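Working notes, beginning with the structure itself.
Quick caveat: nothing in here was measured; it's all calculated off a predicted structure.
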Amino acid sequence: MAHYLIVLAVTSLAVISPGADFAMVSRNSFLHGRRSGVLSAFGIAVSCWIHVFYAVFFLATVQGVVPDLLTYVRFAGAAYLAYAGMRTMRSGLAIEDGDGARPAVSASQSFLAGFLTNALNPKTAVFAISLYTQVIGPHATVQYALLCGATISLCHLAWFVLVSCGLSRSATRRWVMARAAGFNRVIGAILLLIGASLVFV
């Protein structure tokens, strides 16, 4: 139990640190409402399992076959975040206000935005690998390793659902919508900067 609490604490601290996932959930919650933000949070949580599975089952094999895998992930993640940033900066104001209008983005688009942002985030990959090799340990049972994986996924889900609920409140959204053009430019620039940082880190 003491060892598991260490894993939980390390995971919680990693999850709440701002990064690409936070920027994407914030963007979707502000612009498209709570539903979009929560679906993005689910996408992030599901994507965590990609990192968990290769850390548990395939790390040694994959590194032997593709030793530069994390480099490829880093550049793919940078390209995706740059694309998302440019699209946000150039996007018009399409809002889902719950008034019966057609949603600005579909459920699958919201989910996929969260999923791809996390799946292509090399910082998440490095975190999962470090956690499994240095904290959990290679000699842990598969059941315990998967329990830790579930903890990683659920921590991401819980935190980003809370973020979405907070940032999609009516008063917050009204404030953002009144400044929508500037907000799109700022959040788009943040995504671009995060993407650029992945290239040079």
Side-chain angles (χ1 to χ4, degrees), residues 11-52 70 73-97 103-128 152-169 172-173 175-177 179-201:
T11 300
S12 299
L13 290 173
V15 167
I16 65 177
S17 61
D21 293 342
F22 185 87
M24 185 61 69
V25 171
S26 299
R27 171 192 181 274
N28 287 346
S29 300
F30 277 138
L31 296 181
H32 307 300
R34 181 175 302 176
R35 173 176 173 269
S36 180
V38 169
L39 286 169
S40 296
F42 271 96
I44 290 168
V46 171
S47 180
C48 286
W49 282 101
I50 294 177
H51 305 292
V52 169
L70 287 180
V73 171
R74 185 171 78 248
F75 283 111
Y80 176 72
L81 291 175
Y83 164 77
M86 290 297 297
R87 186 173 181 181
T88 299
M89 294 176 73
R90 297 173 57 187
S91 66
L93 183 58
I95 313 169
E96 178 186 347
D97 280 328
V105 293
S106 67
S108 60
Q109 287 174 320
S110 296
F111 179 89
L112 193 61
F115 182 89
L116 288 176
T117 299
N118 185 272
L120 298 175
N121 189 345
K123 292 184 179 180
T124 306
V126 170
F127 167 73
I152 294 171
S153 179
L154 290 174
C155 281
H156 278 79
L157 178 61
W159 171 245
F160 288 114
V161 166
L162 284 175
V163 169
S164 179
C165 290
L167 298 183
S168 61
R169 295 178 62 183
T172 305
R173 290 194 69 211
W175 186 88
V176 172
M177 292 304 106
R179 301 159 179 82
F183 175 80
N184 276 339
R185 287 193 290 269
V186 169
I187 199 72
I190 290 172
L191 289 170
L192 275 172
L193 287 172
I194 295 174
S197 71
L198 295 180
V199 176
F200 300 105
V201 171

Fill in the blank from the handout: side chain to side chain donor-acceptor pair (under 3.5 Å) filter on Ser164, not counting sequence neighbours, yields Ser29
Fill in the blank from the handout: Contacts of Ala107 meeting side-chain contact (heavy atoms from CB on, under 4.5 Å) (sequence neighbours excluded), chain-then-number -> Arg35, Leu39
Exercise for the section: Kindly say whether Ser40 contributes a backbone atom to a donor-acceptor pair with the side chain of Ser110 at under 3.5 angstrom? Expected result: no
Handout entry: Atom pair CZ/CZ of Arg169 and Arg34 - distance to nearest 0.5 Å
Key = 8.5 Å
Exercise for the section: Spell out, as yes or no, whether a donor-acceptor pair under 3.5 Å connects the side chain of His51 to the backbone of Asn121. Expected result: no
Completion exercise
The side chain to side chain donor-acceptor pair (under 3.5 Å) partners of Ser12 (sequence neighbours excluded) come to none
Exercise for the section: Would you indicate whether the side-chain heavy atoms of Leu157 and Val161 approach each other to under 4.5 Å? Expected result: yes
Practice task
Mind listing the closest non-hydrogen atom pair of Ser26 and Val163 along with its distance?
Solution key: OG-CG1, 4.4 Å
Practice task
Give, for atom CG of Asp21 and atom CG of Asn118, the distance between the pair rounded to the nearest 0.5 Å.
Solution key: 4.5 Å
Exercise for the section: Could you grab the distance from atom CG of Leu154 to atom OG1 of Thr11, nearest 0.5 Å is fine? Expected result: 11.0 Å
Handout entry: For Val15 against Cys155, the heavy-atom pair lying closest together
Key = CG1-O, 3.8 Å
Exercise for the section: Applying side-chain contact (heavy atoms from CB on, under 4.5 Å), name anything that partners Phe111, two or more places apart in sequence or on another chain. Expected result: Phe42, Val46, Phe115
Practice task
Specify the closest pair of heavy atoms between Ser106 and Ser108, including all atoms of both residues, with the distance to one decimal.
Solution key: OG-OG, 3.0 Å
Exercise for the section: Output the distance between atom CZ (Phe22) and atom CD1 (Ile44), rounded to the nearest 0.5 Å. Expected result: 10.5 Å
Problem - Sequence-distant partners of Ala113, side-chain contact (heavy atoms from CB on, under 4.5 Å), two or more places apart - result: Met24, Asn28, Tyr80
